Amino acid sequence: KSCQKPVDKYIEYDPVIILINAILCKAQAYRHILFNTKINIHGKLCIFCLLCEAYLRWLQLQDSSQNTDPDDLIRYAKEWDFYRMFGIASLEQTSFLLGICIALWRMRPEMLKTKSDFILLLKALLLSSYGKLLLIPAVIWEHDYTPLCLAFIKVFVLISNSQAIRVTLNLNRMFPWFAIIFGLILENGVVCLYQKMGWDV
């Protein structure tokens, strides 16, 4: 009221500009999206991102076990591999998010006192994982640099997750990265467990 100006400048901006600033990982754009909009697509976005990741893994699995015999009845059952990859991707995503929540709760318990704090953090992390949608174009336009593209997508998603944690809990730059590293360690622990059990990941 004193300055007669909006506190959040993005209220006056076009959604396309807000999206571009979010892609550029600007903290104020994340703050606007998380606190001043009524976006309720985090669940659908999470499922779609998991489907993208499962498809990528399934496609890599299909390439490694290519069989062109038309009488091969097993090829009809290869769809089950997709569902298995979806389950593995879901478990890895869950362990990653759980690792982040545990690390943040251990480092700053006063930040995550209530259930609503955890829910807000979870929504922020799910929304900030939108970069996984780039997996599909990376696979469709397959070229020699696809592994490099996939690595860049992973880094982009982690940077977005870091910004979401920063904005949600009002932390400095170091704490979110500690939490993300712990989440990655837990996720990789799940991958190692799968490999020890003899399953393809």
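The shown structure was predicted, so the numbers you read here are calculated from the model rather than taken from an experiment.
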If I take atom [atom1] from residue [X] and atom [atom2] from residue [Y], how far apart are they, to the nearest 0.5 angstrom?
{"X": "Cys52", "Y": "Phe86", "atom1": "SG", "atom2": "CZ", "result": "10.5 Å"}
{"X": "Leu91", "Y": "Glu187", "atom1": "CG", "atom2": "CD", "result": "10.0 Å"}
{"X": "Leu125", "Y": "Ser162", "atom1": "CG", "atom2": "OG", "result": "10.0 Å"}
{"X": "Phe178", "Y": "Arg106", "atom1": "CZ", "atom2": "CZ", "result": "15.5 Å"}
{"X": "Leu193", "Y": "Asn188", "atom1": "CG", "atom2": "CG", "result": "12.5 Å"}
{"X": "Glu53", "Y": "Leu150", "atom1": "CD", "atom2": "CG", "result": "10.0 Å"}

Quiz item: What residues, two or more places apart in sequence or in another chain, satisfy ring pair (Phe, Tyr, Trp, His ring centres under 6.0 Å) together with Tyr83?
Solution: Trp80
Nearest non-hydrogen partners of [X] and [Y], listed with the distance:
{"X": "Phe96", "Y": "Gly183", "answer": "CD1-C, 3.4 Å"}
{"X": "Ala29", "Y": "Ile18", "answer": "CB-O, 4.2 Å"}
{"X": "Ile33", "Y": "Ala22", "answer": "CD1-CB, 3.8 Å"}
{"X": "Ala179", "Y": "Ala103", "answer": "CA-CB, 3.7 Å"}
{"X": "Ile159", "Y": "Cys25", "answer": "CG2-SG, 3.8 Å"}
{"X": "Gly131", "Y": "Ile153", "answer": "O-CG2, 3.5 Å"}

Taking the side chain as every heavy atom from C-beta outward, state whether [X] and [Y] have any atom pair closer than 4.5 Å.
{"X": "Phe82", "Y": "Leu51", "value": "yes"}
{"X": "Leu126", "Y": "Lys123", "value": "no"}
{"X": "Asn161", "Y": "Val157", "value": "yes"}
{"X": "Leu171", "Y": "Leu104", "value": "yes"}
{"X": "Leu45", "Y": "Leu133", "value": "yes"}
{"X": "Thr114", "Y": "Asp117", "value": "yes"}
{"X": "Ile39", "Y": "Leu34", "value": "no"}
{"X": "Leu184", "Y": "Leu158", "value": "yes"}

Is it the case that one hydrophobic cluster holds both [X] and [Y], taking links as side-chain heavy atoms less than 4.5 Å apart, direct or via other members?
{"X": "Met85", "Y": "Leu56", "answer": "yes"}
{"X": "Ile20", "Y": "Leu127", "answer": "no"}
{"X": "Ile47", "Y": "Ile88", "answer": "yes"}
{"X": "Val16", "Y": "Leu24", "answer": "yes"}
{"X": "Ile119", "Y": "Ile102", "answer": "no"}

Exercise. Test side-chain contact (heavy atoms from CB on, under 4.5 Å) on Gln93 and Lys132 and set out the steps.
Key: CA-CA 12 Å; Gln93 176 79 8; Lys132 289 183 180 179; 2.5 Å; yes
Self-check item: Donor-acceptor pair between Arg166 and Gln163 side chains, under 3.5 angstrom
Solution: yes
Quiz item: In terms of side-chain heavy atoms, does Ser160 have a donor or acceptor partner in Tyr30 at a distance below 3.5 Å?
Solution: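 Checked: Ser160/Tyr30 side chains pair up, N/O donor to acceptor below 3.5 Å.
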Self-check item: Near-ring test Phe48/Tyr130, centroid separation under 6.0 angstrom
Solution: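 Centroid separation for Tyr130 and Phe48: 6.0 Å or greater.
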Within a radius of less than 6.0 Å around [atom1] of [X], do more than 12 heavy atoms belonging to other residues, nucleotides or ligands occur?
{"X": "Phe156", "atom1": "CZ", "answer": "yes"}
{"X": "Phe152", "atom1": "CZ", "answer": "no"}
{"X": "Trp177", "atom1": "CH2", "answer": "yes"}

Quiz item: Does Glu92 pair with Arg57 as a salt bridge, N-O distance under 4.0 Å?
Solution: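 Yes, Glu92 and Arg57 are salt-bridged.
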Quiz item: Going through the checks in order, is the side-chain contact (heavy atoms from CB on, under 4.5 Å) test met by Thr94 and Val190?
Solution: CA-CA 10 Å; Thr94 303; Val190 170; over 6 Å; no
Quiz item: Does the side-chain contact (heavy atoms from CB on, under 4.5 Å) test come out yes or no for Ile180 and Ile165, once each step is laid out?
Solution: CA-CA 9 Å; Ile180 285 171; Ile165 295 168; 4.1 Å; yes
Quiz item: Would you call the rings of Trp58 and Tyr55 parallel, tilted or perpendicular if under 30° counts as parallel and over 60° as perpendicular?
Solution: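 Tilted, since the angle between the ring planes falls between 30° and 60°.
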Practice problem: Apply side-chain contact (heavy atoms from CB on, under 4.5 Å) to Leu169 and Phe175, showing your working. | Solution: CA-CA 10 Å; Leu169 301 178; Phe175 281 110; over 6 Å; no
